[in-house]
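Heavy-atom basis, side chains included; hydrogens, waters and symmetry copies ignored. Sequence lines set the chain letters: A, B, ... in the order given, protein chains first and strands last, and positions in each chain run from 1.
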Number of protein chains: 2
Amino acid sequence: MATQDRLIESTQELLWERGYVGTSPKAIQQRAGVGQGSMYHHFEGKPDLAAAALRRSAEQMRALAEADLAGPGTAYERVASYLGRERDALRGCRIGRMAQDPEVVADPRLRAPVEETLGWLRGRIAEVIAEGQAAGELRPGAEPADLAAAVVAVVQGGYVLARAADSAEPFEQAVRGALALLAAHRRD
Amino acid sequence: MATQDRLIESTQELLWERGYVGTSPKAIQQRAGVGQGSMYHHFEGKPDLAAAALRRSAEQMRALAEADLAGPGTAYERVASYLGRERDALRGCRIGRMAQDPEVVADPRLRAPVEETLGWLRGRIAEVIAEGQAAGELRPGAEPADLAAAVVAVVQGGYVLARAADSAEPFEQAVRGALALLAAHRRD
DNA sequence: GTCTATATGGTGATAGAC
DNA sequence: GTCTATCACCATATAGAC
């Protein structure tokens, strides 16, 4: 694997595990098995490398979500497929995690992939819900964008609850709760 | 105000703004207007001071939530009061934020107030929901603990969406979405 | 392209005077 | 109790040899 790719992949892992402030160039180099100068040859610095890593993580997250949401089945089933996908609750979300970091939020190059990915996800789920309403499967009235934001928030917040409890259980409870509410929201 | 209190309060603010890794003893001292030695006289070190600050934030968060949840009204109204409380979405949750930090999660003294507060909150909301079910106000069948976890996750996840978007809007959407789902979950 | 050496400033804490 | 030194180490980067 090329040096750039090893650097990007190591940075993806470290950002996920330790966040942006907690990730040092030195740690990246060591995990990638690469010297100081090599990193600064391929990237301008930590922000540049982190931006590349976040763009790649964003692509991957989007592909995973799209696989669930574009699948067969009713609107409820597709959203349920997204919500119920197997996740490592204690690891959290590679993208959502970044939103807590002030340095990420303050740097447009770092925030952009985070904003775009979560924004796209909310929009995509809102589409599915709107389709369900149009097909008469889901009750009309509720704003699809609101329901979609709630669905995404349950996942992101579920990670918070799981890490706080050091257990996947609250994450699974939150997903089950959201599914119960959505299921009851179908038309009879 | 006593020196200890100024140190604790400054630490509460900095933990909220910058997280645990991003908060240095030096920054705490400067904000509190206190010298190096003074801080180490009153506290053993950064973890000790952070633990004190987190315990205080936890108490405050709990009191705020209880004020909404113990209020008058139906179960739906009390949960809606909690969900709809005015919040600074871009600041996020003082307690939930800590769950992202590996050093907090790894240190039992730091994780304890986070775990206990969010655990208490889920349990307290589950009680309210169970009361609503018993009173025939809410549909039976759904597990109160699951619905409660979903409610708390919507708030915690709403903060993530807001910070990612650099706008309070997605937070408010998520809350509206959760309220719409809960409202439809009442018995007719 | 990759390496080692070096630089500047911050982190978290201790020592000891006052 | 509070202050100012001082410390060892890490973060982030630059310089320049190979």
Exercise. Check each of B/Val104, B/Val105, B/Asp101 against A/Arg163 using the side-chain contact (heavy atoms from CB on, under 4.5 Å) test, and report the only one that passes.
Key: B/Val105
Self-check item: C/dC3 phosphate, OP1 or OP2, under 4.0 Å from A/His41 side-chain N/O
Solution: no
Practice problem: Nearest whole angstrom, please: distance from the P of C/dG1 to the CE of A/Met39. | Solution: 17 Å
Practice problem: Using whole Å, report how far CD of A/Glu44 lies from C1' of D/dT14. | Solution: 14 Å
Exercise. Look at B/Ser24 and C/dT11 and indicate whether a side-chain polar atom (N or O) is within less than 4.0 Å of OP1 or OP2.
Key: yes
Exercise. Check whether any side-chain nitrogen or oxygen of B/Thr3 sits under 4.0 Å from OP1 or OP2 of D/dG1, and answer yes or no.
Key: no
Quiz item: Taking atom types as modelled and ignoring hydrogens, do the side chains of A/Glu143 and B/Gln173 form a donor-acceptor contact shorter than 3.5 angstrom?
Solution: no
Quiz item: Starting at CD of A/Gln30 and ending at P of C/dT4, how long is that distance when rounded to a whole Å?
Solution: 12 Å
Quiz item: Between atom CZ in A/Arg18 and atom C1' in D/dC10, what is the gap in whole Å?
Solution: 12 Å
Quiz item: Roughly, in whole Å, what's the span from CD1 in A/Ile28 to P in D/dA11?
Solution: 11 Å
Practice problem: Whole angstrom is fine here: how far is it from NE2 in A/His42 over to C1' in D/dA13? | Solution: 17 Å
Quiz prompt | Qualifying residue for salt bridge (charged side-chain N to carboxylate O under 4.0 Å, His left out) with B/Arg78, from B/Glu127, B/Glu131, B/Glu66 | solution = B/Glu131
Quiz prompt | Lys/Arg cation over aromatic A/Tyr20: A/Lys46, 6.0 Å, 45° cone | solution = yes
Quiz item: Can a side chain N or O of B/Lys26 be found less than 4.0 Å away from OP1 or OP2 on C/dT11?
Solution: no
Self-check item: Atom-pair distance (CD on A/Gln36; P on D/dC18), nearest Å
Solution: 19 Å
Quiz item: B/Phe43 CZ to C/dA13 P: how many Å, rounded?
Solution: 14 Å
